[in-house]
Amino acid sequence: MVGMSVFLASWAMLFFALAYAAAALRAQGAWGAMAAVTGAELPALATALVIASSAVLWRGRVSSAALCGAGFIGVQIAIAIGVPHGPGRSVLLLLSGFHGIHAAVGVLGLLAARRRPGMWSVYWHAVALAWLALAGLIYL
Amino acid sequence: VGAKVIRRIVSTDHKVIARQFLWAGLIFLLVGGALAMLMRWQWAYPGRSVPLLGTLLFGDHGAITPAAYTSLFTNHGLIMIFFAITPILIGALGNFCIPLMIGARDMSFPRLNAASFWLFLASQIVVLVSLFADAAASAGWTMYPPLSTGLGTPGWGQSAMLLAIFLTGMASLAGAINYITTVIVARAEGMTWMRLPLTIWGLWLTAILTALFVPVLAAAVMLSFGDRVFGTEFFAAATGDPILYQHLFWIFGHPEVYILILPVWGVLGDLIAFFSGKPASWYRGSVYAMIAVTVLSGLVYGHHMYQTGLGPLAGKSFEALTLAISAPAVVLYINWLLTLWGGAIRLTVPMVLCLGTLVVFAAGGLTGLHLGAITTDIALHDSVFVVGHFHLIMAAATFLGSLAALSFWFPKMFGKKLGRKLGMTHAVLTILLLVGTFGMLLYSGYAGQPRRYYDPLELEIFAELRGLNKATSHLAFTLGAVQILFVVNWFWSLWRGEKAGANPWGATTLEWSTASPPPHENFASPPRVFGGPHGPGPQWEEEE
């Protein structure tokens with residue numbers, strides 16, 4: 001548990017640094033709210049899925065959580081394919097993509113440890129929390 | 001049979017992993033040192049063909065070309081910091097000392113520990129491959145955009161180097177998670193926080209800084225890699241922000257200095273106490289000072305960026321915080337001196353190396369004040385004064401500190417004594433030559449010699465510095481040659497060295513209570529700790 005906490009704190013710094021870079025560029029006007037470019041529907045759906053996933057995991061439904069997680073990743077890929085060229089594209093692909101890799105690892109971890117998710121459920125809640133922060137930064 | 005061989009090579013024993021890190025680091029130390037010698041050749045004899053290896057390395061005339069020179073100093077810096085000092089000081093020393101000195105059987109996550117080494121080895125291989133790229137990495141060790149973008153530094157060598165840094169960062173992170181956790185959960189009975197050897201405090205705080213700030217470097221490297229390879233535009237001058245990279249780099253880069261020096265401080269605290277025959281002066285003060293430095297180290301990075309137009313408020317704040325960091329450093333320094341004061345000093349090889357570290361650290365620390373203060377930094381920043389300053393800390397102090405640690409723990413690591421005569425000759429010559437080489441850099445920097453130029457003395461106003469540069473280069477060549485003594489002594493002692501007993505130095509910390517080298521899982525029975533790390537008696541309960 002100590003090890004996992006240290007890892008998550010450390011890994012959070014990586015997300016902080018990436019988000020800081022994106023936020024600094026946004027503050028300089030290099031890019032703006034991406035909801036205007038991609039539309040709000042798909043990002044809202046993705047966010048709803050990840051919240052639902054975290055909620056059902058909280059209630060002990062590991063497989064359902066993994067299913068919602070897989071849905072989340074699918075929607076994220078759909079958004080990424082459709083995003084038009086422009087300065088915001090770099091930011092969106094980097095942040096969503098890097099987060100998506102972690103989500104994929106989480107889904108596999110949850111499926112592998114269906115019976116006793118333990119550490120994986122801590123990891124998955126962290127992934128969900130990270131997405132809420134990133135979604136706010138990217139789309140709003 | 002295959003599985004057996006693999007099990008023997010891929011060990012999860014922290015002592016084996018420590019030795020693997022040590023060999024990998026020492027080899028790259030030689031590579032990085034050789035690159036430095038080539039640079040010094042160019043500064044002494046610009047455009048003249050390099051003896052012996054010239055035609056092999058640089059083609060036709062055997063002279064170093066401007067492009068080759070640029071990749072020399074880039075690779076020298078990156079190799080020394082990430083692939084030589086880090087594995088020796090943190091990979092080898094951390095892995096070896098932490099479980100033994102806190103009385104644990106091994107690290108908390110032995111397999112993660114092994115993974116850390118193999119990931120590190122992979123990163124070293126990527127570095128070696130990148131040296132043979134169409135164009136080797138050549139954007140300087142700081143890799144600032146726009147120079148480090150595809151326009152400024154074409155070719156895949158720079159991208160491969162970014163990948164290597166990312167990999168080695170992940171390896172460091174795996175190590176740091178292990179070190180932090182192990183010290184928290186695996187201390188022996190009676191080993192309270194205020195009984196930890198200072199070496200462990202240094203290594204533990206280093207691990208915390210690594211865990212917090214290496215991810216920031218990883219982010220900077222990812223974005224730079226994206227710009228070069230995937231066509232993103234984070235640091236492009238037109239649509240992104242090149243200065244943003246500098247912020248990310250130095251948020252990591254300044255703590256990195258402390259990542260490398262904190263273990264040395266810890267080692268100095270313990271070794272000076274052992275060889276002065278008395279407990280470290282104001283142990284708690286040293287611990288609090290190291291913690292204070294750890295906290296402050298994340299708040300001072302702006303002093304690397306005074307010239308970027310930070311603005312007066314930010315500049316002054318960073319200046320104040322930077323100068324404030326000398327307060328805890330002085331507490332540590334005075335404690336070392338007070339430990340020496342009135343002690344029964346034994347001038348062993350590790351002790352002489354510690355005293356040498358005190359000298360170069362003082363010189364490096366005091367010149368840091370010139371660069372922490374904005375007014376003097378503006379004048380000195382682009383001169384080799386900066387190179388002299390950070391080499392006194394990052395090269396001389398960490399190198400001598402590592403040598404002190406290696407010669408101190410050599411008997412415990414390998415069960416043999418390291419030869420004293422050769423060791424002492426090497427130690428004294430190395431200290432004198434380090435002070436000479438880097439001291440002269442301070443001098444020519446103060447005279448205005450610019451850094452990073454292919455031939456800085458081409459400009460007529462610096463022409464009279466040629467003699468000084470030649471002398472410095474010859475000191476550096478001698479310094480390089482003297483390291484042969486170390487290599488000879490190392491291998492001779494491994495092969496023919498006198499057998500070391502469990503406690504050849506009469507030291508008082510836990511690792512000396514077990515056999516040399518220690519058996520698998522370290523201690524015959526779980527040790528119990530009864531006192532502080534520096535005596536008067538040993539920390540462990542002696543058998544009746």
Side-chain angles (χ1 to χ4, degrees), chain A residues 1-32 34 37 80-81 83-102 105 109 118-120 122-123 126-127 130 133-134 137-138, chain B residues 107-109 111-113 166 169-170 172-186 204 207-227 230-249 251-252 255 298:
Chain A
M1 203 64 190
V2 176
M4 191 64 172
S5 317
V6 175
F7 167 72
L8 285 178
S10 172
W11 215 239
M13 283 298 285
L14 183 51
F15 276 94
F16 274 133
L18 291 174
Y20 163 74
L25 289 175
R26 186 166 171 178
Q28 294 170 18
W31 61 286
M34 289 302 284
V37 182
I81 292 172
V83 63
H85 277 274
R89 188 169 186 263
S90 301
V91 173
L92 185 139
L93 290 185
L94 175 94
L95 294 182
S96 301
F98 193 62
H99 181 268
I101 292 169
H102 290 80
V105 170
M119 291 302 169
W120 283 111
V122 178
Y123 176 92
V127 165
L134 290 179
L137 175 64
I138 300 172
Chain B
M107 287 287 180
S108 288
F109 312 109
R111 273 178 296 178
L112 183 66
N113 205 16
F166 187 82
M170 294 305 106
S172 292
L173 210 58
I177 291 168
N178 233 330
Y179 295 2
I180 296 172
T181 311
T182 305
V183 174
I184 294 176
V185 306
W204 191 68
I208 289 178
L209 285 179
T210 303
L212 286 178
F213 293 109
V214 166
V216 181
L217 173 70
V221 163
M222 275 171 61
L223 297 177
S224 183
F225 190 84
D227 279 7
F230 300 121
T232 55
E233 298 168 19
F234 295 105
F235 303 134
T239 47
D241 180 12
I243 300 289
L244 174 63
Y245 173 86
Q246 293 195 27
H247 282 284
L248 290 173
F249 183 82
I251 288 174
F252 150 80

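Chain A is the first sequence line, chain B the second, and so forth, proteins listed ahead of strands; every chain is numbered from 1.
Interatomic distance, A:Gln28 CD to B:Ile243 CD1, rounded to the nearest 0.5 Å: 9.5 Å. B:Ile177 CD1 to A:Trp11 CH2: the interatomic distance, rounded to the nearest 0.5 Å, is 8.5 Å.
B:Phe234 has its side chain within reach of A:Val91: a pair of non-hydrogen atoms, C-beta onward, lies under 4.5 Å apart. Between A:Tyr20 and B:Leu244 there is a side-chain heavy-atom pair separated by less than 4.5 Å. Proximity of A:Leu14 to B:Val214: side-chain heavy atoms (C-beta onward) are nowhere separated by under 4.5 Å.
Only the side chain of A:Ala24 comes within contact range of chain B, with heavy atoms under 4.5 Å apart. Only the side chain of A:Leu94 comes within contact range of chain B, with heavy atoms under 4.5 Å apart. Heavy atoms closer than 4.5 Å to chain B are found nowhere in A:Phe15, neither backbone nor side chain. For B:Leu173, the part sitting under 4.5 Å from any heavy atom of chain A is the side chain, from C-beta outward, and nothing else. Interface remark: B:Phe109 contributes side-chain atoms only to the contact with chain A (heavy atom separation under 4.5 Å). With a 4.5 Å cut-off on non-hydrogen atoms, B:Thr239 touches chain A through its backbone but not through its side chain. With a 4.5 Å cut-off on non-hydrogen atoms, B:Val216 touches chain A through its backbone and its side chain both. The parts of B:Leu212 that come within reach of chain A are both its backbone and its side chain, each placing non-hydrogen atoms under 4.5 angstrom from that chain.
A donor-acceptor distance shorter than 3.5 angstrom exists from the side chain of A:Ser10 to the backbone of B:Ala211, with no hydrogens or angles considered.
No other option in B:Leu112, B:Thr181, B:Ile208 has as many heavy-atom pairs under 4.5 Å with chain A as B:Thr181.
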Inset, instruction - Mind running side chain to side chain contact (heavy atoms under 4.5 Å, CB included) on B:Thr232 and A:Leu93 for me, showing each step along the way? - result: CA-CA 9 Å; B:Thr232 55; A:Leu93 290 185; over 6 Å; no
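The two residues A:Ala21 and B:Leu248 make their nearest non-hydrogen contact at CB-CD1, 4.2 Å. The minimum heavy-atom distance linking A:Ser90 with B:Glu233 is given by the pair OG-N, 3.4 Å.
Other residues, nucleotides and ligands contribute over 12 non-hydrogen atoms within 6.0 Å of the CZ atom of A:Phe98.
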